[in-house]
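These notes concern the structure reproduced below.
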Amino acid sequence: MLKLGADYRVDKHGFSASLRSAGKRKDVAAYYLLNLNYRYQLSTRLKLFSSITNALDDKIIHPDTVNLNKIKIEARDGVGLLAGFSFEL
C-alpha cells in the first residue's frame, strides 16, 4: 500500500490531494483512490470547503482476510462531492 498527500496554500485558497494505492493481492486487482480538496478562507472565523472523493471512479475490491475464503468485498461508491462551511466561535 502506498499513500501520498500534498497541501498547497495561496492567500485565502487551499488545495490538497491524497492518493492511496494498493497493489494486486490474491485474486484482487490493484486500485487507486484519489481525493481532491479545496478551501477558501472568507474571514478569520469562516471557511468554505469542497471535496471530491474517488475522483478516478476506481472500483475498490478487498479480499476477505477475516474468513480467509475466496469472497471479495466490493466498495464502489463512485465519485463523491461534498461542500460546506465551518465557523469558529
Side-chain angles (χ1 to χ4, degrees):
M1 177 164 288
L2 172 69
K3 293 180 182 181
L4 296 173
D7 189 60
Y8 184 71
R9 293 181 189 166
V10 179
D11 296 324
K12 295 183 177 189
H13 304 275
F15 306 91
S16 62
S18 65
L19 177 67
R20 184 172 65 186
S21 169
K24 183 177 178 345
R25 298 164 289 162
K26 186 181 178 176
D27 303 331
V28 176
Y31 71 85
Y32 300 91
L33 181 63
L34 177 64
N35 297 323
L36 304 170
N37 303 293
Y38 171 75
R39 293 172 311 283
Y40 182 76
Q41 187 83 38
L42 281 171
S43 68
T44 56
R45 294 183 167 180
L46 184 61
K47 288 184 226 177
L48 299 177
F49 65 88
S50 64
S51 298
I52 299 173
T53 56
N54 195 8
L56 302 174
D57 195 21
D58 221 354
K59 187 184 335 181
I60 300 167
I61 300 176
H62 307 282
D64 185 355
T65 56
V66 173
N67 299 314
L68 300 175
N69 58 33
K70 294 194 178 223
I71 295 174
K72 297 173 189 157
I73 303 165
E74 183 174 332
R76 184 178 182 138
D77 295 332
V79 176
L81 177 63
L82 172 69
F85 68 94
S86 66
F87 182 77
E88 297 175 14
L89 297 176

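For Y8, the OH atom sits in a loose shell: 12 or fewer heavy atoms of surrounding residues, nucleotides or ligands are nearer than 6.0 Å. Environment of CZ in F15: crowded, with over 12 heavy atoms of neighbouring residues, nucleotides or ligands closer than 6.0 Å.
We find the CG-CG distance between D57 and L33 to be 11.0 Å, quoted to the nearest 0.5 Å. The CZ atom of R20 sits 12.5 Å away from the CG atom of L4 when rounded to the nearest 0.5 Å. Interatomic distance, CG of N37 versus CG of D7, reported as 8.5 Å (0.5 Å rounding). One distance of note links CD of Q41 with CG of L48; it measures 9.5 Å at 0.5 Å rounding.
In terms of heavy atoms, H13 sits closest to Y38 at ND1-OH, 2.6 Å. Nearest heavy atom pair, residue Y32 against residue N54, reads O-OD1, 4.4 Å. When all heavy atoms of S16 and R39 are compared, the pair lying nearest together is OG-NH1, 3.6 Å. Minimum heavy-atom separation, T53 to N35: CA-OD1, 3.1 Å. In terms of heavy atoms, L36 sits closest to A55 at CD1-CB, 4.1 Å.
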